[in-house]
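Before any comments, here is the structure.
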Amino acid sequence: MSGTGERPATLLARAGGAHDEATGGVLPALQPSTTFLRDPDNRYRRGFDYARDASPVGHIVEDLLCRLEGGTAAMLFASGMAAATAIFRALPYGAHVVAPRVMYWGLRKWLLGQAARGRLAVDLVPLDDLDAVRAAVCPGRTRLLWAETPANPTWVVADLAGLAAIARDAGAHLAVDNTVPTPLLTRPLELGAHLVLHSATKYLNGHSDLLAGAIVTAAEDELWQELRTLRHDEGAVLGAFEAWLLLRGLRTLPVRLRAQCAAALNLAAALERHAAVEQVLYPGLPSHPGHALALRQMRGGFGGMLSIVVRGGAEAAIATAARVRIWTRATSLGGVESLIEHRASIEGPHTPAPPGLLRLSVGLEDPVDLLADLEDALAAAARG
Ligand SMILES: *Cc1c(COP(=O)(O)O)cnc(C)c1O
């Protein structure tokens, strides 16, 4: 991949310099063809033959993500889950993997389902405890160590360089779900990870209007070839329209994320002083157990996600979410609209979320309005 040394905001605002060769349009053209012309000598010199491999705009996005993460290659998928599950399915049958107890719940549920069928051997560990991770990883047997930091929904922080060393010593790969920090705040490959995963549905696109996933690799090795084959054969590729929209979303990522980080930090500090709030979980707060590590590992902010634990448990939390007017009661994260969600309701009995936990995805509304709305909802719920 080409590397110009441009800073992320420059790279993204200009879409990496992409434009339409045919017309001079300052944007790359949306090219929806599923099939491409073969040259008279039977070759495909322009590099495209059939859309199950990629779309022209998809290539531009893959190149941008690769440069943002500092990788050697990237691949887009139809969703974050399509990308994440491809990584595990590229491993040999019965492979041992170690994953966090606190992680994106949909993937944890899928992993436990694979384990129940004997497809994978799965150990779930507290990822902020390196000794526990070391004890769970078996040299020669463990193929993959999975990490997410800060991790849904308690935002526990994992030491990626420490995890990379454990994986390396055991002959395993470290794969990191970098959906929440994005490469603007954390670059896992620089810290020794082998693969980075994104649900591009979230911050990278940022407008809650498409599903997309991406994987970036440090090396185009055997595992990467296996992933390429999987995507090619099975077709969980990102469509041309979605790739084009994702490029549009990506161009404003730095300015969106900067505003979301600043607003999240202010909200977290204000809510920590609120009488109806038992605990605020945000790595930017000195009270958060992962704060010192987050300060070392994250650059430019602590992200746009936080959780609050409401006094009075599930009932009080659900009552609070019922009374907001500016926050939107919905799942997902990373969009321009602020979202609020009672996590235990969606995650079910194995959730690490305390019953009173509300997850907040901070959008781009005025932070003063966001705080006032939550304070009113908390006060109204406390009155009953
Ligand atoms: C949403 C999400 C996923 C799954 O991505 P989809 O695009 O919804 O399939 C994976 N990891 C994290 C951290 C997420 O937030």
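Numbers for residues simply follow the sequence, beginning at 1. Excluded from the calculations below are hydrogen atoms, water molecules and symmetry mates; all remaining heavy atoms, backbone and side chain alike, are included. Both ligands and their constituent atoms are indexed starting at 1 by order of listing.
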For Trp155 together with Phe302, are the ring centres under 6.0 Å from each other? no

Min over Tyr104, Trp110, Trp105 of heavy-atom distance to atom 3 (C) of ligand 1 lands on Tyr104

Counting each atom of ligand 1 from 1 as listed, which ones have a heavy atom of [X] under 4.0 Å away?
X	result
Leu333	15 (O)
Ser79	7 (O), 9 (O)
Gly80	5 (O), 6 (P), 7 (O), 9 (O)

So is there a nitrogen or oxygen of [X] less than 3.5 Å from a nitrogen or oxygen in ligand 1?
X	value
Glu148	no
Ala82	no
Val180	no

Starting from [atom], what is the nearest protein heavy atom, named by residue and atom, and what distance separates them?
atom	value
atom 5 (O) of ligand 1	Ser199 OG, 3.0 Å
atom 1 (C) of ligand 1	Lys202 NZ, 1.4 Å
atom 9 (O) of ligand 1	Met81 N, 2.8 Å
atom 11 (N) of ligand 1	Asp177 OD2, 2.7 Å
atom 7 (O) of ligand 1	Thr201 OG1, 2.6 Å

Minimum side-chain heavy-atom gap Trp146-Arg108 below 4.5 Å: no

Exactly one candidate in Ile215, Val237, Leu230, Leu211 meets side-chain contact (heavy atoms from CB on, under 4.5 Å) with Phe77; the answer is Ile215

Return yes when atom [atom1] of [X] has more than 12 non-hydrogen atoms of other residues, nucleotides or ligands closer than 6.0 Å, and no otherwise.
X	atom1	result
Arg143	CZ	no
Arg248	CZ	no
Glu190	CD	yes
Tyr44	OH	yes

Check step by step if salt bridge (Lys or Arg N to Asp or Glu O under 4.0 Å) holds for Glu234 and Arg89. CA-CA 12 Å; Glu234 299 182 351; Arg89 291 187 309 112; 2.7 Å; yes

Is the shortest distance from a Lys or Arg side-chain nitrogen in Glu62 or Arg228 to a carboxylate oxygen in the other one below 4.0 Å? no

Close approach, Leu107 and ligand 1, non-hydrogen under 4.0 angstrom: no

